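Worksheet: the structure to be examined is printed underneath.
The chain is numbered in sequence order, starting from 1. For clarity, every value in this text was computed on a predicted model and none was experimentally measured.
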Amino acid sequence: MPLHRLALACAVLPLAVATAPVLAQSSTYGGKLLLTGGVSSIDGAAGGGLTPWAVTGGYGTTREFGGSAFATRVKTQDYGLSGYGAAVAWDDRVEFSLAHQDFDTGPVGGALAGVLGDPSFNDLRLKQDIVGLKVRVAGDAVLDSDSWMPQLAVGLQYKKAHSGPLADVLTAFGAKDSGTDVYLSATKLFLAQGVLANLTLRATKANQNGLLGFGATDHDSYRLQPEFSLAYLFSRNIAAGIEYRSKPDNLRDNAALGAGALKEDDWADVFIAWAPCKNFSLTAAYVDLGKIVPGVVTRRQSGAYVSAQIAF
């Protein structure tokens, strides 16, 4: 986006947001500090790009609404993921989010079409809808920044996968087409030092975040997976950091395609977020998604992550 258009957007967005009917009862809005609401994760919740934090989306504080909307693109050597969604929060305590994901399987669809003799697998795309709810239960990341008390939030994400012609194959592997993740996030902001740390513990059955269904034969129980983020604020509107997200790897023992053909690796990224104004931010990252369906594509999948967000 040209800089003069970006400057215009930053000037116009606050006016549009301030006149929204939903905020008409508030005398002020957007009381949070810049970037303290995080960005939008690929699942729609506020936090980092790969994992939710205990913060709520947008800039609303006590007795205020806040919200955000995002669009994300991830491109690796062989795959692509597009996502978009929105979140609304009230009282800096409760967040409701929606997200949609569209995954381009690249060479995997063509390989399946050849093996199964079914041309419907060509250009296979896996899609997913996600509904999220997050509730802050203790602490305040900013007000408690001079103590060791983190902000704590519990959340859930209901996910519904739309696997097209792959649905029957996943069912044969024991995977369901919907599931619910439950997580606890602890976010600690060291405001004076410009450092934010987050730890999330997620109970999940999701295969590749749900795009390959939930659970599998002999692996249908919830698994507790840790995720963490560490960010440093270089200036009031630029932050950079790292993320790591572990995965349950339910399909690793599937014998139909050969042991390890569907092995699932953990995810990681190195990111930078820039907020030229309070109502707009851009996040760019180098992501490492490990091997995805290594029975077909043997090399690790790394590449670019770009996400744009508007917030109020």
When clusters are formed by joining ILVMFWY residues with side-chain heavy atoms under 4.5 Å apart, either directly or through shared neighbours, do [X] and [Y] land in the same one?
{"X": "I272", "Y": "L282", "result": "yes"}
{"X": "V297", "Y": "V74", "result": "yes"}
{"X": "V88", "Y": "V154", "result": "no"}
{"X": "L289", "Y": "F271", "result": "no"}
{"X": "F234", "Y": "V195", "result": "yes"}

Open item on the list: Is any side-chain heavy atom of I292 closer than 4.5 Å to one of T76?
Closed with: no
Task: Heavy-atom check, side chain of P248 versus side chain of H219, under 4.5 Å - done: no
Taking all atoms of both residues into account, what is the closest heavy-atom pair of [X] and [Y], and its distance?
{"X": "V55", "Y": "G37", "value": "CG2-O, 3.5 Å"}
{"X": "L112", "Y": "L166", "value": "CD1-CD1, 3.8 Å"}
{"X": "Q101", "Y": "I130", "value": "NE2-CD1, 3.7 Å"}
{"X": "L152", "Y": "A186", "value": "CD2-CB, 3.4 Å"}
{"X": "T217", "Y": "A172", "value": "OG1-O, 4.5 Å"}
{"X": "K134", "Y": "Y183", "value": "CE-OH, 3.3 Å"}

Open item on the list: Under the salt bridge (Lys or Arg N to Asp or Glu O under 4.0 Å) test against R245, which residue among D269, D288, D43 passes?
Closed with: D43
What distance separates [X] [atom1] from [Y] [atom2], expressed to the nearest 0.5 Å?
{"X": "R93", "Y": "T61", "atom1": "CZ", "atom2": "OG1", "value": "12.0 Å"}
{"X": "T56", "Y": "D92", "atom1": "OG1", "atom2": "CG", "value": "4.0 Å"}
{"X": "Y232", "Y": "L196", "atom1": "OH", "atom2": "CG", "value": "13.5 Å"}
{"X": "R223", "Y": "K205", "atom1": "CZ", "atom2": "NZ", "value": "11.0 Å"}
{"X": "N250", "Y": "R252", "atom1": "CG", "atom2": "CZ", "value": "7.0 Å"}
{"X": "L133", "Y": "T180", "atom1": "CG", "atom2": "OG1", "value": "11.5 Å"}

Task: Working for salt bridge (Lys or Arg N to Asp or Glu O under 4.0 Å), residues R299 and D78 - done: CA-CA 9 Å; R299 60 181 172 180; D78 299 292; 2.9 Å; yes
TODO: In sequence, state the C-alpha distance, the side-chain angles, and the governing distance for F173 and L212, and then conclude on side-chain contact (heavy atoms from CB on, under 4.5 Å).
DONE: CA-CA 10 Å; F173 294 165; L212 289 180; over 6 Å; no
Checking [X] side chain against [Y] main chain: does a donor-acceptor pair fall under 3.5 Å?
{"X": "N207", "Y": "G213", "answer": "yes"}
{"X": "T51", "Y": "G48", "answer": "no"}
{"X": "N279", "Y": "I310", "answer": "no"}
{"X": "S246", "Y": "P226", "answer": "yes"}
{"X": "K176", "Y": "D220", "answer": "no"}
{"X": "D129", "Y": "H100", "answer": "no"}
{"X": "Q225", "Y": "K247", "answer": "yes"}
{"X": "E95", "Y": "G57", "answer": "yes"}
{"X": "D265", "Y": "K291", "answer": "yes"}
{"X": "E243", "Y": "G49", "answer": "yes"}

Open item on the list: I'd like to know whether Q301 forms a side-chain contact (heavy atoms from CB on, under 4.5 Å) with W267, so could you lay out the CA-CA distance, the side-chain angles of the two residues, the decisive distance to 0.1 Å, and finally the verdict.
Closed with: CA-CA 10 Å; Q301 297 297 309; W267 290 350; over 6 Å; no
Listed partners of [X] passing side chain to side chain contact (heavy atoms under 4.5 Å, CB included), at least two apart:
{"X": "T62", "value": "D91"}
{"X": "Y286", "value": "S302"}
{"X": "S120", "value": "D118, P165"}

Can you see whether [X] engages [Y] through a side-chain donor-acceptor pair at a distance of less than 3.5 angstrom?
{"X": "S82", "Y": "D102", "result": "no"}
{"X": "T187", "Y": "N198", "result": "yes"}
{"X": "Q309", "Y": "S40", "result": "yes"}

- [ ] Could you pull out all residues at least two apart from K160 that satisfy salt bridge (Lys or Arg N to Asp or Glu O under 4.0 Å)?
- [x] D177
TODO: Verify the ring-centre separation between W148 and F190: is it less than 6.0 angstrom?
DONE: yes
Task: Criterion side-chain contact (heavy atoms from CB on, under 4.5 Å) on V169 and F121, from CA distance to verdict - done: CA-CA 11 Å; V169 177; F121 283 90; 4.2 Å; yes
Task: Aromatic F214 / basic K159 pairing, under 6.0 angstrom, 45° off normal - done: no
- [ ] May I ask you to check whether over 12 heavy atoms, not counting those of D168, lie within 6.0 Å of atom CG?
- [x] no
Open item on the list: Checking Y305 now: which residues fulfil ring-ring contact (aromatic ring centres under 6.0 Å, His included) with it, not counting sequence neighbours?
Closed with: none
Which side-chain N or O atoms in residues 65-72 pair as donor and acceptor under 3.5 Å with protein atoms at least two apart or in another chain?
{"residue": "T72", "atom": "OG1", "partner": "S307", "partner atom": "OG", "Å": "2.8"}

- [ ] Walk me through it: do V293 and L262 pass the test side-chain contact (heavy atoms from CB on, under 4.5 Å)?
- [x] CA-CA 5 Å; V293 192; L262 295 176; 3.9 Å; yes
